[in-house]
Every structure is written in C-alpha cells, then in structure tokens.
Colleague: 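Pasting a structure below so you can have a look.
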Amino acid sequence: MYGILQTCTAHSCLALSERRRGQLAALSIAAVVIIVGVPLWWRTTETYRAWLPVSQIKELANLQLQLSADVEVVFARGTVTPEQQKKVPLTQTQDEEHVVDEDTSLTYRYETKYRTATVMEEDALNQPTAAEADLSLHRLSESPCGSLVVYVIPESSSLLPEAVDVYIGQRRTALLRMGAQMRVGKTLEQLLSHLEPRIKQVLQVMSFSHNDITAALSDRVRLSPGNKESVADSMRAFKSSPGYEITFSLLNPDPKSHRLHWDIEGAVQTYIQPLLTKLAPLANFSIDSQTLYYTMLGVNPRFDSSRSIYMLNADSLAHVINPVEARLGSNAASSNPVLNFLLYVPDSHHSPLHIHDHKKQEVPSNAFHSPRWGGIMVYNVNGFYGPEAAFPVDININMAKVMGVFLAQLRLLLGVQSSSPPPGFLVAPCSSAGLADWELDRLMWTRSVENVATATTTITSLAQLLDQIGNIVINDNIAQQVSSAVTSLQLAVAELEAGNLGFALQYSKEAILASERAFFDPSLLHLLYFPDDQKFAIYIPLFLPIMSGDGLVRGPAGSNDCRIYVGNLPPDIRSKDVEDLFYKYGAIRDIDLKNRRGGPPFAFVQFEDPRDSEDAVYGRDGYDYDGYRLRVEFPRSGRGGGGGGGGGGGGGGGMGPPRMRHGPPSRRSEYRVTVSGLPPSGSWQDLKDHMREAGDVCYADVFRDGTGVVEFVRKEDMNYAIRNLDNTKFRSHEGETAYIYVKMDGPRSPSYGRSRSRSRSRSRSKSRSRSYSPARRSKGSPRYSPRRSRSRT
Amino acid sequence: KNTFINLPPLVCQDNAGQFFSSGHTNNWAVLVCTSRFWFNYRHVANTLSVYRSVKRLGIPDSHIVLMLADDMACNHRNPKPATVFSHKNMELNVYGDDVEVDYRGYEVTVENFLRVLTGRLPPSTPRSKRLLSDDRSNILIYLTGHGGNGFLKFQDSEEISNVELADAFEQMWQKRRYNELLFIIDTCQGASMYERFYSPNLMALASSQVGEDSLSHQPDLAIGVHLMDRYTFYLLEFLEDIHPASKTNMNDLFKVCPKSQCVSTPGHRTDLFLRDPASVLITDFFGSVRKVEITMETINLTDPIKQVEQ
C-alpha cells in the first residue's frame with residue numbers, strides 16, 4: 001500500500017481509484033440485475049403448472065382389471081346323494097385371465113359357493129311353474145347386486161318345459177336342470193365338473209361375457225372389426241353417459257284429417273318410468289314430448305294398388321330420418337345424448353302405411369330404429385273411422401301398443417338387450433319394470449368397465465398432452481379434477497375386484513365426470529402451440545436500441561427513409577431531369593416535383609431502398625447543376641422514427657456511432673428574417689413550409705411567444721419573403737390560421753446560435769403527426785402474399 | 001300380472017351388416033370461412049356451397065357447425081342483398097332459404113375453431129355451437145380462406161398453423177371424437193396444411209400443392225367480385241350430381257378439378273386412412289345416410305287401467 005502510494009502521483013492515483021470505483025459500480029449494477037432481475041424474469045415468465053399425480057396416472061395406463069362375480073349354487077332335493085351332501089357346503093374360486101393388449105389385461109374371478117337347498121327353498125321350488133318358483137325364491141331372500149343364485153333341480157322336475165335346461169328368472173336367480181347322465185354313481189367332483197361349464201354359461205348370460213367386456217373396453221382398446229354382428233351391436237347402443245335426453249314426438253302430417261290425442265304423460269309414467277327408475281344408478285334421464293304438425297317423412301311411400309296400401313321398403317328407411325330430424329329440435333342447454341322416439345300417423349290419403357323388410361314382408365311392429373339415434377313407429381289409424389267419418393277425426397292413440405315398441409327400442413338403444421341366449425335357455429318375460437334385475441347387473445358390469453376404460457384413456461391422454469406441451473398452464477382446478485378422477489378410478493378398480501358392483505359403478509361415474517371436466521377444461525386451449533421463434537420475438541423490443549443500426553426498425557418506419565428532398569432546382573426543371581440526376585443511385589419509385597409559380601422548384605425523390613437515398617444525398621448535395629447548387633437532404637421529418645441514431649443524439653444514448661454521416665449539413669446564413677404573429681400551434685416545420693415560397697430556407701425556428709426566425713440561403717429569397725410574405729395568411733398543421741409579419745432581422749444575437757441538432761430532435765418528436773408521405777398501400781392481393789406475418793394476442 | 005313379453009326369434013337381416021360397413025352412425029360437418037370483407041366474397045360463397053351440398057345430402061343443421069367470418073348477403077356493397085351466388089349471372093344462389101350460422105363475424109377465431117374441434121368450450125355454450133360427435137361419427141371439415149405454407153389466416157389478424165391443426169385432430173382421436181374424418185381445404189398452398197397430420201382415419205384434400213396458389217373463378221361484373229374459388233367451384237359442380245343414394249366414391253372426388261381447370265394441382269392424402277378410398281362413398285361424409293334396423297322385437301304391454309276394468 002505504502003509503496004504504491006509512493007510510486008504514483010496524486011493525480012494518477014485519483015484516476016486509478018476513479019476507474020476502480022467505476023468498475024465496482026458497473027459490477028454492482030450487473031450483480032443487482034442478475035440477483036434481482038433473473039429471478040424476477042424467471043418468475044414472471046414461468047408457466048404455472050399445478051402438480052399432477054403422474055406416477056399414479058402411469059399405473060392406470062397399465063390397466064389390470066379384475067371382475068369378481070359371486071355365484072351360489074344350490075342343490076335341490078334329489079340332485080345330490082347323501083354322501084355327496086356331506087361334502088357341501090364348499091367354495092371354489094376360479095380365475096380366468098385374458099390379455100387384451102399390451103396395456104390392458106382382464107381377470108375374471110368366479111367365486112362359486114355350493115350348498116343344499118333349505119326347506120323353504122324346497123317349498124318354493126315345488127311351485128307349479130318356473131315363474132312362480134322364481135317369485136317365491138325372490139321373496140325368501142334378495143341376493144345383492146352383482147351376485148347370482150343357481151338352483152340345480154332334478155331332471156325329473158316339472159318346472160321347466162321339455163328341451164329347456166336353464167330358466168333365467170326376473171331377478172338374480174336361475175334354475176338349472178341336472179343332466180340325465182348325472183343320475184347315479186358319480187362322485188361330487190364329477191358332478192361339479194359337469195356343472196361348471198353350464199354355470200359359466202349362465203354367468204355369461206346373466207352377468208358378463210368376455211365379448212361384452214372387450215366391447216366395453218373399445219374406448220381404450222381399438223379392436224379389429226370382428227364379425228359384423230358384434231360391430232352392429234357395439235354401434236347400436238348409446239355410449240355410457242351421465243345423462244340422456246329422451247324425446248317423444250308425435251308427427252301429425254295433416255291435422256285436417258286427424259285430431260290426435262296421446263296420453264304421453266300417463267304412458268311415460270306407466271311404462272317408461274319404472275325402467276328409468278331402475279336405471280337410475282347408471283344415468284339421469286330427462287323426458288320431453290312434443291307434437292309436430294305438418295311434418296312429413298322425407299321419402300314418398302310407394303302405393304301397392306293390389307292391396308291398396310302404401311309401402312315403405314327397407315332401403316328407403318335410411319332416408320326417412322334426416323329430413324325429419326331437422327324439425328325435431330333438442331334441448332339446447334344440455335349436451336347429453338338424445339334418444340328420439342317418433343310416432344308417425346300418416347294422413348288419411350296415405351294410409352295404411354306399412355314398413356316392409358328386405359324380404360318384402362310386412363313388419364309386424366311397423367317400426368324401425370337407428371343406432372344411437374332412436375326409433376320411428378308408423379301408426380295407422382284409418383281402421384278407426386268408418387266410411388262417413390267427418391274430418392278431422394278424433395283419435396285416441398293406444399299408448400300400450402306404442403310404448404311396447406318404444407320400450408323395446410329403448411332397451412336396445414340403452415344396451416340392455418344385446419345378444420340372444422344360447423340354445424336350451426329360457427329367459428323369463430320381463431316384469432312391469434321393463435328390466436330384470438340381472439339385466440341391470442349386466443348393464444352395470446359393462447358400464448363400469450366402459451367408464452373405467454374411458455376415464456383411464458382420458459386421463460392418460462391428458463397427462464400425455466400436458467407432458468408434451470411444456471408451456472401449457474395447468475391450473476389448480478384441472479389438477480384437482482385429475483386427482484379426484486385418479487382416486488375414483490383406483491376405488492372403482494378396487495371395488496370391481498372386491499365384487500361390489502354398485503360402488504364400482506358409482507366410483508367409475510365419478511371418475512368419468514372428473515376426467516371429462518379436466519380434459520375439456522376451457523383453460524387448456526391457450527398456448528397449445530407456440531413456436532420457439534415467437535417466444536424470442538417477445539424479447540425483441542428489449543434489444544431494439546442495440547439493433548436499431550441494422551434496419552430492424554426500418555420496416556415499420558416506412559418509406560420516409562427512402563425520400564430525399566432536392567432543393568434549389570432551376571426553374572425550367574422537369575421530372576425527367578430529376579430522374580436523370582438520380583437514377584444512377586438506384587431504383588426510383590416516385591418523383592414528386594413541386595414547381596410552383598413564383599417560387600423556386602423543389603422535388604421529393606423516393607427510392608426503393610433507403611441505402612440508395614443515402615448515397616444520393618451524399619453524392620448530389622452541393623452538386624452544380626446548370627449553375628444551380630443543388631441542395632439534397634432528407635426531408636425535415638425524414639429520418640423520423642428510425643433515424644434516431646442520426647442527428648438526435650438524445651435518444652441513442654451513445655450506442656454506436658451516428659449512422660448518418662452525411663446528413664444535411666448544418667448550415668446557417670446571414671439572410672435572416674424574424675416572424676411574428678404565429679399561432680400557438682405553428683411549428684418550425686409549418687413556418688419553413690410557409691417560407692419555402694420565397695426560396696430555399698436553410699433554417700427555421702419558432703419561439704413560444706409567437707415569434708420565429710427563418711434563414712434563407714440567398715439574399716434575394718430573403719428579400720422576396722420580406723416583400724411578399726409579410727402580412728400573409730399562415731396555416732399551421734393543426735389548422736390554426738393567423739396573419740404573420742416578416743421583418744428583416746437585426747444583428748445576430750448569441751441566443752440564436754442553436755445547433756442544428758436541436759431542430760433535428762424536434763423533428764424526431766413530431767415526425768409521426770406530420771409526415772409528407774401518404775401511407776402507401778401495398779398492391780399485392782393478401783391471399784397470394786408469401787410473407788408470413790403472425791400476430792397473436 | 002298385467003304385462004308379459006313376447007319374444008319372437010331374432011331374424012338376422014341378410015344385409016344388416018352392409019349398413020354398418022362404414023362403421024359410422026352419424027355425420028357431422030364443420031364448415032369454416034376465415035376471411036372477412038367484401039373482396040373475400042368468394043370464400044363465403046365457397047363455404048355456403050359446401051353447406052348447401054351437405055344439407056341437401058342429409059346432414060341436419062344440428063350436426064353442422066357453420067363458421068362465417070363475414071356476412072356477404074347483408075353486406076352493403078352487395079348489389080343483390082340476401083343472396084350469395086356461386087355461379088356467374090346469378091345462376092345459383094347458395095345462400096338459400098335457411099342458413100344457420102353458428103359462429104359469425106368476430107366469433108370466427110382460431111381459438112373458437114380449436115375449441116369446437118377439441119370440445120373445450122365453456123359450459124354455457126349451446127348445443128348448436130358444439131361438435132357433439134362420438135366414436136361413431138364421420139366428420140367433414142372444410143376450411144377456406146387466405147393461407148400460405150403451413151398456415152391459414154383467420155380474420156386478417158391471426159392464423160392457425162398446420163401443427164396446431166394436426167394436434168387438435170390428435171386430441172379428437174384420443175378422446176374418440178370421430179370415427180373417420182375428411183379434411184378439405186381451399187387455400188393457397190393448401191397441401192401444406194395436411195402435411196403434419198399424424199392421427200389415424202384421416203383423409204385430406206387440398207386445392208393446391210405447396211408453392212402453388214389457389215385461384216378464384218367466376219368473376220361477376222354485376223357483383224363486382226369473383227364469386228368462387230376454382231377448386232370449390234368444381235367441387236360444388238361435382239356434389240350437385242350426388243344424391244343421397246348414389247354410390248360415387250372418394251376416388252371420384254380426387255379427380256375433381258384437374259389442373260386444366262384448377263390451374264393449381266389439387267392434392268390428397270390417404271395414407272392415414274384405413275379403408276380403401278374406392279370403398280368410401282361420398283355420402284359417408286357429405287351426406288348422412290342413417291343406418292337403420294327394423295324393430296323385430298316388441299314388448300306386449302297392456303293398459304293397466306283397461307286390465308282392471310276387465
């Protein structure tokens with residue numbers, strides 16, 4: 001320390017410490033920018049992404065579903081020998097595994113309990129018919145949802161008709177006739193192995209079959225189209241949905257011939273509501289009805305003169321629905337699937353109307369249905385009125401007949417009835433509920449699996465989407481829905497495994513609702529795709545000052561850069577001469593020659609390229625043209641906008657050397673006049689414009705008190721101004737007018753010694769509002785424009 | 001016991017399977033014109049001509065999402081108000097009697113278009129503004145407007161890129177929102193819009209190859225603008241000959257507007273599509289031929305009140 005102090009002079013020491021302080025200051029500023037700015041930038045540009053249970057979603061992507069069904073096999077008297085009887089009750093568990101695809105596997109667990117019938121059950125089985133036995137057994141005990149009881153009855157039993165081996169009741173019970181070969185001398189094992197495949201058959205009808213379950217997985221596993229029948233089945237029924245809208249429409253094409261009365265409300269209450277009440281665990285249903293008048297079918301029925309009936313053949317049925325559908329309307333507020341049921345009553349001139357099948361046979365139901373749409377029934381009424389009927393005829397529609405058709409269609413479209421039972425099976429007629437208990441179970445099995453499959457697919461594809469698009473915002477609501485969907489899914493899978501069908505369905509419904517809400521969340525759309533180049537474009541304004549030298553800002557600043565002012569031209573100048581003067585500097589877009597009477601002519605030349613205009617200013621300023629010294633400069637507002645690097649010096653902040661080395665020379669002259677009486681809005685530009693009539697103005701300025709100063713290049717111009725422009729009407733760019741007085745200026749005072757830079761900086765600030773050049777319009781049609789302009793806000 | 005069931009044996013239809021061969025049960029159409037202003041009359045006419053065709057061939061308005069960025073029929077520069085013509089000398093008015101525009105004017109944005117496709121609409125959106133398709137829906141998507149290599153402009157203010165479009169289709173596929181999808185675009189360099197598609201069961205057509213402009217057609221002196229674009233003009237001519245039961249297939253559609261007529265070269269892409277284009281009927285997308293089955297089984301219900309009376 002001491003040595004250093006000794007070796008340096010006081011002056012250099014001061015300079016050294018000054019420099020060090022400067023370095024320190026720069027360093028500390030840099031440190032502050034890094035410590036505060038970088039985290040701030042990070043936080044403000046960060047995308048909010050709430051936490052998602054990714055690992056659990058991955059587990060769900062690999063779905064191992066186990067379905068557990070409980071079966072109770074009850075041996076009636078006479079089916080097992082006393083020795084065999086000693087070994088029951090016993091329980092057998094059987095697993096059946098299926099691999100559907102690499103991510104999905106299924107396990108069916110059948111838990112079979114064997115026991116002998118109780119005395120009361122024996123009594124019930126002694127009823128005269130199978131249906132009555134079924135009812136009595138049901139009264140004894142109610143088996144829980146998802147379980148089955150199979151009663152094995154002796155071969156000699158009179159409950160079942162000949163050729164029927166299995167009777168499936170309305171509840172969750174089935175009667176199974178013991179085969180003839182099992183009468184005597186067989187062990188229990190032999191007996192059970194004989195029963196096993198038949199019990200499985202019963203299960204497939206009453207609970208689930210592998211075909212049903214794989215069809216229910218269709219959202220998850222795209223199966224190759226199998227046989228046509230199964231494809232048709234999978235297409236017919238509506239997909240699982242939390243709600244359905246059912247619309248019953250009565251089509252009356254001619255109210256003049258029929259006045260139709262249908263008790264739709266009563267019919268729905270009597271025939272449809274029991275079914276829907278039973279289906280309540282699966283979905284909510286809302287029912288509407290309407291009557292449409294003057295609604296015709298879209299196709300013209302053919303008249304069969306031999307039988308004097310009208311026919312709709314099977315091929316034309318496909319075209320019936322669409323024209324009608326436009327008239328149907330639907331509940332605008334709901335986006336649930338709509339089931340349409342149409343009752344068409346043909347008018348008296350077109351009835352009776354019969355639907356014919358492909359074999360040209362009359363269809364007894366006179367109805368048809370369309371997959372995932374609904375059904376149409378034709379209801380002929382001409383049998384109801386006699387020959388002397390007075391039109392319009394009042395007709396009461398037999399709702400039992402109509403609803404019999406619609407209920408059957410509804411069952412088909414909801415997927416209740418999917419396949420016909422195997423041979424030897426007798427299925428009980430369904431009760432007034434429209435749906436047997438086992439049919440409900442069957443539907444619940446497939447719907448639970450379908451919901452689980454759909455919800456897992458939705459959640460995994462959502463997770464994949466969110467993973468792929470890094471800058472998508474995941475808000476808390478989405479994260480919450482995803483979490484709740486994942487939890488519900490796990491619960492649903494666990495309940496299926498435990499065999500609690502009711503809970504499994506409930507959880508799977510919750511899972512599907514939550515997953516759909518997450519997937520379809522409106523906030524997910526923003527910034528789906530945002531290319532990288534545009535991310536950087538956000539920061540471009542920050543670097544503008546640095547880049548300003550390289551024309552980055554020149555684009556929007558527009559054509560001003562390309563325009564030059566040419567003054568002090570000879571009076572007989574033509575624009576061709578101006579072109580000759582400047583063509584060698586580059587392509588000229590436009591020449592605007594102002595050759596006003598009285599004043600010296602001047603011109604604006606516009607080049608295609610701003611660099612050419614620079615060259616022109618450099619090469620032609622001061623050029624002696626036929627005795628006239630040309631003045632070539634950028635117009636006063638010319639370098640506006642982008643030209644800040646040039647004369648201003650204010651905004652640039654010392655970044656780089658001034659670009660415009662050959663700007664207009666800062667010239668002053670002694671031929672000066674003072675101007676008074678200027679309006680407040682009169683600018684120096686206005687003043688210069690006004691004075692241009694007298695000649696070449698090389699300097700103009702205005703002061704706040706309404707006075708100004710103008711300097712001319714030549715003395716005669718000054719004299720002209722004093723002589724002719726004194727007491728003339730002056731108009732400012734804002735439209736204010738005033739009469740101004742022009743006087744010869746006195747001796748030059750120091751206060752006028754302003755530098756050119758001042759006027760330049762003024763010009764910069766005003767350049768926007770006063771631009772010489774009218775906005776140019778690009779000519780090309782936008783359609784064919786190859787340039788890609790992207791603005792996204 | 002007041003009700004009983006009667007189960008006649010299920011009669012299998014011989015050609016029941018034929019109904020289901022295309023694998024779809026319903027049809028949807030999303031038709032979009034992305035350009036505003038009078039001089040883009042032709043884009044509105046393009047879209048309306050496709051609208052007219054699909055409606056004539058049976059897709060109901062409830063299954064059509066029509067997006068028109070401007071209302072040419074009521075434009076004050078239209079010398080024939082309430083009409084939009086596709087042919088010179090006012091031969092064919094594609095505005096028709098009832099046009100149900102679902103998204104119009106400034107509602108036609110990239111965001112709304114993508115929301116319609118992906119289903120990410122606000123809960124308050126009415127049914128008619130939604131694409132409620134399912135895994136058995138065949139969807140026709142028609143776009144027209146000013147485009148370039150890899151993008152299509154919407155409203156002169158924003159654009160959709162081919163990547164965004166491909167991603168939207170992938171999400172539709174993931175969410176099982178379509179069975180098969182036909183994409184048609186009439187714009188400059190239209191083929192660039194389907195280059196990036198990667199989802200299965202997509203078929204795409206475009207009016208021009210990359211680097212080519214699609215040109216307009218039918219200049220009309222009375223109206224003062226071009227009425228149609230070439231590709232859609234010939235597409236309309238082609239569709240006018242189709243009726244709901246016609247057996248014309250996709251290979252015929254690919255031949256529409258050869259270079260001699262179009263000046264540009266229309267392109268198509270079928271590699272993502274699983275079926276043979278020759279087996280795909282035009283009406284599988286442009287129309288809606290409902291698949292029907294005859295109801296064979298009925299439930300014999302009896303009126304409970306009458307039963308009691310008896």
Side-chain angles (χ1 to χ4, degrees), chain A residues 218-219 225 228 231-232 235 239 270-271 314 317-319 321-322 325-326 330-335 355 357-358 363 365 367-373 375 399-400 403-405 407-409 420 429-432 458 461 465 519-522 524-525 528-529 782-786 788 790-792, chain B residues 2-5 10 13-17 20 23 25-26 58 60-62 111 114-115 118-122 126-128 130 132 134-136 146 148 151 156-159 161 163-164 167 171 174-176 188 213 244-245 288-304:
Chain A
S218 69
D219 256 12
K228 282 175 175 173
V231 172
M235 282 165 63
K239 297 200 58 138
T270 317
Y271 307 114
L317 294 180
H319 308 297
I321 294 174
N322 282 314
E325 189 173 13
S330 57
N331 185 356
S334 143
S335 47
I355 294 171
D357 65 12
H358 291 281
V363 176
S365 64
F368 61 98
H369 56 266
S370 177
R372 295 193 188 177
W373 185 80
M399 293 312 283
M403 285 299 159
V405 173
L407 195 59
Q409 290 174 338
S420 48
C430 80
S431 67
S432 56
T458 308
S461 62
L465 168 81
F519 191 89
F520 290 120
D521 193 287
L524 276 182
L525 200 77
L528 260 191
Y529 173 69
R783 175 163 188 152
Y784 313 122
S785 159
R788 174 164 193 181
R790 194 178 230 278
S791 60
R792 183 178 266 279
Chain B
N2 49 29
T3 56
F4 61 93
I5 193 166
L10 187 79
Q13 302 288 318
D14 287 334
N15 46 1
F20 296 95
T25 59
N26 57 75
D61 262 326
S62 57
E111 184 184 320
L114 291 178
R115 282 190 191 286
T118 55
R120 296 207 171 96
L121 287 155
R127 202 183 178 94
S128 61
R130 287 172 184 268
L132 291 169
D134 61 13
D135 62 329
R136 292 293 175 194
H146 292 288
F151 69 94
D156 275 351
S157 63
E158 53 178 357
E159 64 236 36
S161 70
V163 180
E164 281 168 304
D167 284 346
Q171 289 185 57
Q174 295 262 349
K175 199 64 198 79
R176 308 288 184 263
C188 294
D213 287 339
S288 177
V289 181
R290 287 278 179 184
K291 315 299 178 242
V292 295
E293 294 172 299
I294 286 166
T295 308
M296 301 308 287
E297 301 178 19
T298 58
I299 298 172
N300 262 333
L301 299 168
T302 39
D303 195 323

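Note that these values count all heavy atoms, side chains included, but never hydrogens, waters or copies made by symmetry. In the text below, chain A, chain B and the rest are named by the order of the sequence lines, each starting its count at 1.
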Colleague: Are side-chain heavy atoms of K175(B) and S461(A) found at a separation under 4.5 Å?
Modeller: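 K175(B) vs S461(A): side chains apart.
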Colleague: Just jot down the salt bridge (charged side-chain N to carboxylate O under 4.0 Å, His left out) partners of K239(A), sequence neighbours excluded, or say none.
Modeller: D219(A), D135(B)
Colleague: Let me know if L132(B) has heavy atoms under 4.5 Å from chain A in its side chain, its backbone, both or neither.
Modeller: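 For L132(B), the side chain is the part near chain A, not the backbone.
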Colleague: Please enumerate all residues that pass salt bridge (charged side-chain N to carboxylate O under 4.0 Å, His left out) together with D134(B), with sequence neighbours excluded.
Modeller: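 For D134(B) the salt bridge (charged side-chain N to carboxylate O under 4.0 Å, His left out) partners, ignoring immediate neighbours, are R372(A).
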Colleague: Rounded to the nearest 0.5 Å, what separates atom CZ in R115(B) from atom CG in L524(A)?
Modeller: 9.0 Å
Colleague: Below 4.5 Å, heavy atoms only, C-beta onward: do D167(B) and L465(A) meet side chain to side chain?
Modeller: no
Colleague: In Å and rounded to the nearest 0.5 Å, what is the CZ to CG distance from F520(A) to L121(B)?
Modeller: 9.5 Å
Colleague: Considering only heavy atoms, which portion of V405(A) lies under 4.5 Å from any heavy atom of chain B: side chain, backbone, both, or neither?
Modeller: both
Colleague: Is it true that the NZ or CZ of R120(B) lies under 6.0 Å from the centre of F519(A)'s six-membered ring and within 45 degrees of the ring axis?
Modeller: yes
Colleague: Minimum heavy-atom separation for R127(B) to S335(A), with atom names?
Modeller: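 So the minimum-distance heavy-atom pair works out to NH1-CA, 3.5 Å.
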Colleague: Considering all heavy atoms of both residues, which atom of P522(A) and which atom of P122(B) are nearest to each other, and what is their separation?
Modeller: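 Scanning both residues, the minimum pair turns out to be CG-CA, 3.9 Å.
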Colleague: So, does S365(A) use its side chain to make a donor-acceptor pair with the main chain of T295(B) at under 3.5 Å?
Modeller: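 Yes, the answer is positive, given that a donor and an acceptor are paired below the 3.5 Å cut-off.
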Colleague: Identify which part of H369(A) has an atom lying under 4.5 Å from any heavy atom of chain B, answering side chain, backbone, both or neither.
Modeller: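 Contact with chain B involves both backbone and side-chain atoms of H369(A).
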